Amino acid sequence: MSIFSRSVAIVGFLLGLTSCCGSAVFAADWPHRTVRLIAPVPAGTAADLSARLFAEQLSRRWSQAVIVENRPGADGVIGVSAFLGADDDHMLLCAISAVVTVHPITNAKLPYDPVRELVPIAPTSDVVLAIAAPAKSPIGSLGGLVQAALAQPGKLNWASSPGLPPFVVGGFFKNAKLDLTLVPYRELAPVLQDLGEGRIDIYVGSLGVIMPQVHSGRARLLAIAGEARAPLAPDVPTVIEAGFPALRMEGVVGFFGKRGMPDAMRDRIASDVSAIANEPDIREKLAAVGQAARSGNAADFAALLNEYHRRLTGLAKAIDYQVSQ
């Protein structure tokens with residue numbers, strides 16, 4: 001099935017979520033033991049930070065421990081596989097939207113079908129993404145990056161957080177005929193250290209993760225990848241203001257369940273997650289790490305994922321993206 005046919009399937013499936021699992025029986029006393037929250041990302045990343053904030057609050061609401069388990073690797077595939085492969089009705093997934101919106105486009109042979117096997121429950125936060133360079137780099141803007149890449153084809157390198165950034169930014173480089181080398185990293189700490197030391201020329205990732213390097217004077221922000229400027233860096237232009245709207249990216253973190261999850265269970269979790277997202281203290285804590293709290297129910301989350309997937313499918317077509325086999 002082509003990525004464009006998959007888009008149609010995703011539309012139909014996500015919009016039909018509200019009617020699935022209606023005959024399943026919901027255990028009114030859930031949870032009655034520890035809940036494991038799988039985060040398919042390294043510790044310290046945006047999805048991990050969001051997961052831990054919500055896990056703490058859910059523990060209080062449910063009077064049961066909610067433990068975050070990091071299962072990073074293979075762009076999130078390892079963690080999602082572990083979640084879907086576990087026979088445990090007290091396990092949830094907290095992940096970035098890319099597991100549903102990007103992975104079906106970029107990988108033709110996933111060990112699971114994320115659209116059919118993952119059930120969106122509720123969003124937790126929008127992740128502000130940013131593009132940065134080492135402070136000692138002569139590159140001081142997106143225009144400067146393009147000029148440097150054109151003048152030195154194959155000489156510059158870059159790294160990014162997994163999921164959306166490599167797809168969008170890689171597509172931009174391809175479309176603009178810019179030759180930069182993508183350096184893969186398995187963990188977050190080494191890439192941030194290499195950014196600060198100037199061993200990589202560009203890093204694209206969550207603003208909250210990059211800001212410590214900026215505050216220490218080791219990195220410089222080139223642009224914010226969203227539609228609006230970020231409160232954490234109000235003087236930094238957006239990619240749209242800088243003249244590169246193709247680099248606009250939106251990422252959302254949220255809770256997912258498995259196919260077959262009872263409607264009542266999904267809705268109850270969604271209600272609790274949404275209530276936490278609306279708490280002023282949580283909104284402040286998320287803002288402090290470069291995220292914006294987002295509340296909503298399962299239908300809201302599914303519609304958002306569908307919207308993102310439509311845009312990314314259009315991007316894949318525009319850049320003639322070749323799906324990995």
Side-chain angles (χ1 to χ4, degrees), residues 21 24-73 76-97 99-100 112 114 117-127 187-189 206 208-209 252-289 291 293-298 301:
C21 312
V25 177
F26 171 58
D29 62 343
W30 190 97
H32 48 79
R33 56 181 170 83
T34 297
V35 176
R36 297 159 62 197
L37 186 56
I38 302 299
V41 294
T45 55
D48 172 70
L49 294 171
S50 185
R52 293 183 185 279
L53 277 175
F54 279 77
E56 180 182 4
Q57 296 301 313
L58 289 172
S59 292
R60 296 174 181 174
R61 284 176 172 264
W62 295 342
S63 299
Q64 294 287 348
V66 180
I67 300 174
V68 176
E69 295 184 10
N70 294 94
R71 299 286 187 91
V77 173
I78 290 176
V80 177
S81 295
F83 169 67
L84 291 173
D87 183 15
D88 186 350
D89 64 358
H90 279 60
M91 180 183 287
L92 300 169
L93 179 74
C94 186
I96 196 76
S97 55
V99 299
V100 170
Y112 49 80
E117 295 183 56
L118 292 177
V119 175
I121 296 176
T124 61
S125 60
D126 293 319
V127 180
E187 297 180 358
L188 179 62
S206 69
V209 166
V252 61
V253 178
F255 278 67
F256 295 84
K258 298 177 187 177
R259 180 174 56 183
M261 169 180 276
D263 284 352
M265 180 177 177
R266 179 202 62 201
D267 293 345
R268 176 188 167 185
I269 296 171
S271 177
D272 287 339
V273 170
S274 183
I276 292 169
N278 282 320
E279 293 179 4
D281 181 55
I282 293 299
R283 289 181 170 271
E284 289 178 8
K285 289 180 178 179
L286 286 169
V289 293
Q291 299 185 53
R294 177 185 284 271
S295 61
N297 58 26
F301 194 21

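Along the sequence shown, residues carry numbers from 1. All values below come from the heavy atoms of this structure, side chains included, with hydrogens, waters and symmetry mates left out. Keep in mind that what you see is a predicted model, and the values were worked out from it rather than measured.
In terms of modelled atom types and a separation under 3.5 Å, the side chain of Ser274 and the main chain of Asn297 share no donor-acceptor contact. Listed for the Ser81 side chain is a donor-acceptor partner under 3.5 Å among the backbone atoms of Val77. In this structure a side-chain-to-backbone donor-acceptor pair under 3.5 Å is present from Ser59 to Val66. Counting only distance, with no hydrogens or angles, the side chain of Lys258 and the backbone of Phe83 share a donor-acceptor pair below 3.5 Å.
Pairing each heavy atom of Leu37 with each of Leu93, the nearest pair is CD1-C, 4.0 Å. Residue Val209 comes nearest to Ala46 through the heavy atom pair CG2-N, 4.4 Å, listed as atom of the first residue, atom of the second, then distance. Scanning both residues, Pro123 and Gly296, for their nearest heavy atoms gives CD-O, 3.6 Å. Across all non-hydrogen atoms, the minimal contact from Glu117 to Leu84 is O-CD2, 3.5 Å. Shortest non-hydrogen contact noted between Trp30 and Asp89 is NE1-O, 3.0 Å. Between Val41 and Ala47, the shortest heavy-atom contact is CG2-CB, 3.9 Å.
Every residue was checked against the side-chain contact (heavy atoms from CB on, under 4.5 Å) condition with Ser271, not counting sequence neighbours, and none meets it. Partners of Val289 by side-chain contact (heavy atoms from CB on, under 4.5 Å), not counting sequence neighbours, listed by chain and number: Leu49, Gln291. Residues passing the ring pair (Phe, Tyr, Trp, His ring centres under 6.0 Å) test with Phe301, sequence neighbours excluded: Phe256. Residues satisfying the salt bridge (Lys or Arg N to Asp or Glu O under 4.0 Å) test with Asp267, not counting sequence neighbours, are none. For Arg52, the side-chain contact (heavy atoms from CB on, under 4.5 Å) partners at least two apart in sequence or on another chain are Asp48, Val68, Asn70. A search for salt bridge (Lys or Arg N to Asp or Glu O under 4.0 Å) contacts involving Glu56 returns Arg60, not counting sequence neighbours. Under the rule for a side-chain contact (heavy atoms from CB on, under 4.5 Å), Ala287 has no partner lying at least two apart in sequence or in another chain. Partners of Asp281 according to the salt bridge (Lys or Arg N to Asp or Glu O under 4.0 Å) rule, which considers only residues two or more places apart in sequence or in another chain, are Lys285. Residues passing the side-chain hydrogen bond (donor to acceptor under 3.5 Å, both in side chains) test with Arg36, sequence neighbours excluded: Glu69, Asp88. Shown here are the ring pair (Phe, Tyr, Trp, His ring centres under 6.0 Å) partners of Phe54, two or more places apart in sequence or in another chain: there are none. The salt bridge (Lys or Arg N to Asp or Glu O under 4.0 Å) check on Arg283 picks up nothing, with sequence neighbours excluded.
Side-chain atoms of Asp272 and Trp62 form a donor-acceptor pair, as typed in the model, at a separation below 3.5 Å.
To the nearest 0.5 angstrom, Ile276 atom CD1 is 5.0 Å from Arg61 atom CZ.
Side-chain contact between Val99 and Pro114 is absent, with no heavy-atom pair separated by less than 4.5 Å. Side-chain contact between Pro31 and His90 is present, with at least one heavy-atom pair separated by less than 4.5 Å. You'll find the side chain of Leu53 stays beyond 4.5 Å of the side chain of Gln57, heavy atoms only. Side-chain contact between Val273 and Ile121: absent, with no pair of heavy atoms (C-beta onward) separated by less than 4.5 Å.
Applying the salt bridge (Lys or Arg N to Asp or Glu O under 4.0 Å) rule to pairs touching residues 38-47 yields nothing, sequence neighbours excluded.
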Check the pair Leu286, Arg294 against side chain to side chain contact (heavy atoms under 4.5 Å, CB included), reporting the backbone distance first and the verdict last. CA-CA 10 Å; Leu286 286 169; Arg294 177 185 284 271; over 6 Å; no
Quick one: do Leu118 and Val80 satisfy side chain to side chain contact (heavy atoms under 4.5 Å, CB included)? Show the steps, please. CA-CA 9 Å; Leu118 292 177; Val80 177; 4.2 Å; yes
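Shown here is Glu279, whose CD atom has more than 12 heavy atoms of other residues, nucleotides or ligands within 6.0 Å.
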